[in-house]
Student: 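Below is the structure I would like to discuss, written out as structure tokens.
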There are 2 protein chains.
Amino acid sequence: MQPVICTVDVVLLTLQDDALRVALLKRDREPFKGVLALPGGFIHPDDDAQTQDAALRVLRNKTGIEPPYLEQLATFSGPARDPRGWSVSVVYYALVPHDVIERAGHQEVRLASVDKPLNLPFDHRTIVDTAVARLRSKSQYSSLPCYLAGEAFTLPQLQRTYEALMGEPLNKVSFRRKITEMDMLEPIQGAFTAGSAHRPAQLYRLKPELRDQLTLIERGI
Amino acid sequence: MQPVICTVDVVLLTLQDDALRVALLKRDREPFKGVLALPGGFIHPDDDAQTQDAALRVLRNKTGIEPPYLEQLATFSGPARDPRGWSVSVVYYALVPHDVIERAGHQEVRLASVDKPLNLPFDHRTIVDTAVARLRSKSQYSSLPCYLAGEAFTLPQLQRTYEALMGEPLNKVSFRRKITEMDMLEPIQGAFTAGSAHRPAQLYRLKPELRDQLTLIERGI
DNA sequence: GCAATAGTGTCTCTCAGACACTATGGT
DNA sequence: ACCATAGTGTCTGAGAGACACTATTGC
């Protein structure tokens, strides 16, 4: 009986210019050597305590990034998705603020808009679409977008982040009511935006105790 | 390098006496031979077009059941969950009306309440808990519970199904408003419950075109 | 008629969105 | 002073829950 090829892939997503982008790397080996694809690799049973650790290892080794948010997306499988044979890929998606990618610069990471046509090897296009759908869906009723907004952000910035993900403008009063009621942010004392020709905005951060935990709301943003 | 063991497991859920129950089978081989566990088995790359087909095959062969709803839950992995070695299990959860299990009777299927303490081998307890959490969460804003209610059901029966899953009583008027607005059911012409000492209730079924597709609602039931 | 459950009409209270206002920086 | 954006107070309309009512069966 033919063996099953076991891999992990990571959909690393970020926001740049209010557009959702996915991180792609040139493959360093066959198949599809030199082609842009999702970061991925084999599971190493001797190194990885579970598939999530394999995903973190792949991301660290190939991009130098430690993502603030990483969640299992789904597992993709079949005889044809990888030319090497019947394969299983456990896929994770990660969210990082854009500046983290810029600062990492470990290898050449390309950012491609997820809304434009995109030719990817394997079934990576399907995987990206699944990840984007999951992110957009969860953004409606959770604190997920905060992980794209960075360490510190203003409420108007966070609102633009939510709007970019949900694809529609939000009511300012309602948005702030929701964020307040979620009780997940704390103002950074004395920290305001500056340098612009208008009133400065208060900077906020995720409450430390909620840093690794999604906050959910009943009725959506 | 040690190989990765690739399996699928299925969490088959049903409602009996307003309690959510999971189907367990006595294992027919080592490890844990004779112990009650989730139906599962190895992926057969030569037979299965993808892991979902492996899950369907396992379910068909071991229980004789073709579930009306089957969805990927998550993938569980690690060196210790299976005594045979580093393993990956792609887990699916299935929903079936209770009478389908009774009619199948292919092998001895035990139904255990998911809310009572339950000793299971491998990490099956964690898997069951994850499946139940997913089902209860999705029930709040989708037509998922319909798959537990059977082919035909009355609105009061469907409401009791939702209540059993959500663990709280629902307002009858609001519930019916929501179901109407979801526009997923059609009355079975001339079909009513009978034999009880009160007004008969109209029987409904899922609209055929929505049979294999979840209906979602914005603001929850 | 009576008990029991199915099914509906309507009122009220809550909450989300709209609007308008104030606040505070730069120029 | 004026512009631009941050941040807040308040009104209104839509929708969810509560209640009460009618409908239809068996006994």
Side-chain angles (χ1 to χ4, degrees), chain A residues 18 139-143 145-146 149-150 152-164 166-205 215-221, chain B residues 17-18 139-143 146 149-150 152-164 166-205 215-221:
Chain A
D18 288 341
S139 295
Q140 289 167 4
Y141 55 93
S142 80
S143 57
C146 296
F153 44 81
T154 68
L155 292 186
Q157 282 167 3
L158 186 61
Q159 182 172 350
R160 277 193 293 278
T161 303
Y162 270 92
E163 287 171 340
M166 318 232 282
E168 57 181 5
L170 297 174
N171 180 282
K172 181 168 63 165
V173 178
S174 299
F175 178 76
R176 283 161 180 258
R177 261 197 301 246
K178 280 293 184 184
I179 296 297
T180 304
E181 141 194 338
M182 285 170 84
D183 193 34
M184 60 180 180
L185 302 183
E186 59 184 20
I188 304 176
Q189 291 304 327
F192 290 83
T193 52
S196 56
H198 55 266
R199 175 173 174 178
Q202 172 72 54
L203 283 163
Y204 292 83
R205 65 176 153 231
T215 303
L216 302 176
I217 36 178
E218 196 75 9
R219 293 189 192 281
I221 287 280
Chain B
D17 309 328
D18 288 340
S139 295
Q140 289 167 4
Y141 55 94
S142 80
S143 55
C146 295
F153 45 81
T154 68
L155 292 186
Q157 282 167 4
L158 186 61
Q159 181 172 349
R160 276 193 293 278
T161 302
Y162 270 92
E163 287 170 340
M166 317 231 282
E168 58 181 5
L170 297 174
N171 180 282
K172 182 168 63 166
V173 177
S174 300
F175 178 77
R176 283 161 180 258
R177 263 196 299 244
K178 281 291 185 186
I179 296 296
T180 304
E181 141 195 338
M182 287 170 83
D183 193 33
M184 60 180 180
L185 302 184
E186 60 184 19
I188 304 175
Q189 290 305 327
F192 291 82
T193 51
S196 57
H198 55 267
R199 176 172 173 176
Q202 172 73 55
L203 283 163
Y204 291 83
R205 63 175 155 232
T215 303
L216 302 176
I217 35 178
E218 196 76 8
R219 294 192 190 279
I221 287 279

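Quick note on labels: first sequence line is chain A, next is B, and so on, each numbered from 1.
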Student: Counting distance alone, no hydrogens or angles: does the base of D:dA18 have a donor or acceptor under 3.5 Å from a partner atom on the side chain of B:N171?
Tutor: yes
Student: Which nucleotide, C:dA18, C:dT8, C:dT5, lies nearest any side-chain atom of B:V173?
Tutor: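 When the side chain of B:V173 is considered, C:dT8 is the closest of C:dA18, C:dT8, C:dT5.
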Student: B:Y204 and B:F153: aromatic ring centres closer than 6.0 Å?
Tutor: no
Student: If you compare all heavy atoms of B:N171 against all heavy atoms of B:Q159, which two are closest, and at what distance to 0.1 Å?
Tutor: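 Distance-wise, the nearest heavy atoms are C-NE2, 4.0 Å.
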Student: A:Y141 vs B:Y141 aromatic rings, parallel, tilted or perpendicular, using cut-offs 30° and 60°?
Tutor: tilted
Student: Measure from CD on B:E168 to C1' on D:dA16 and round the result to the nearest Å.
Tutor: 13 Å
Student: Please figure out whether A:Y204 or B:E181 has its closest DNA chain D nucleotide nearer the 5' end.
Tutor: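 Looking at DNA chain D, the more 5' nearest nucleotide goes with A:Y204.
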Student: Respond yes when some side-chain nitrogen or oxygen of A:K178 is under 4.0 Å from OP1 or OP2 of C:dA16, and no when none is.
Tutor: yes
Student: Any idea which of D:dG17, C:dG7, C:dA16 is nearest the B:S174 side chain?
Tutor: D:dG17
Student: Give a yes/no answer on whether the side chain of B:R219 brings an N or O atom under 4.0 Å of OP1 or OP2 in D:dG15.
Tutor: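 Negative; the distance criterion is not met.
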Student: Side chains of A:Q202 and A:T154: closer than 4.5 Å at any heavy-atom pair?
Tutor: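 SC-SC contact between A:Q202 and A:T154 ruled out.
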Student: What's the shortest heavy-atom distance between A:P200 and A:F192, and which atoms?
Tutor: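 Minimum heavy-atom contact is CB-CB, 3.9 Å.
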Student: Starting at NE2 of A:H198 and ending at C1' of C:dT22, how long is that distance when rounded to a whole Å?
Tutor: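 Spelled out: NE2 on A:H198 to C1' on C:dT22 is 16 Å.
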Student: Using whole Å, report how far CZ of A:F192 lies from P of D:dA6.
Tutor: 13 Å
Student: In whole Å, what is the span from the NZ atom of A:K172 to the P atom of D:dT10?
Tutor: 16 Å
Student: Starting at the 5' end of DNA chain C, which residue's closest nucleotide do you reach first, B:A197 or B:P200?
Tutor: B:A197
Student: Given atom CE of A:M166 and atom C1' of C:dA16, what is their separation to the nearest angstrom?
Tutor: 13 Å
Student: Can a donor-acceptor pair under 3.5 Å be found between the side-chain atoms of B:R177 and the base atoms of D:dG17?
Tutor: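 Checked by distance alone, the answer is yes.
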Student: B:R160 CZ to C:dG7 P: how many Å, rounded?
Tutor: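 In whole Å, C:dG7 P lies 11 Å from B:R160 CZ.
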Student: Nearest-Å distance, CZ (A:F153) to P (D:dT5)?
Tutor: 21 Å
Student: Taking atom C1' of C:dC15 as reference, at what distance in whole Å does atom CE of A:M182 sit?
Tutor: 17 Å
Student: Under 4.0 Å, counting only non-hydrogen atoms across every strand here, what does A:S196 touch: a base, just sugar-phosphate, or nothing?
Tutor: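 Contact class for A:S196: sugar-phosphate only.
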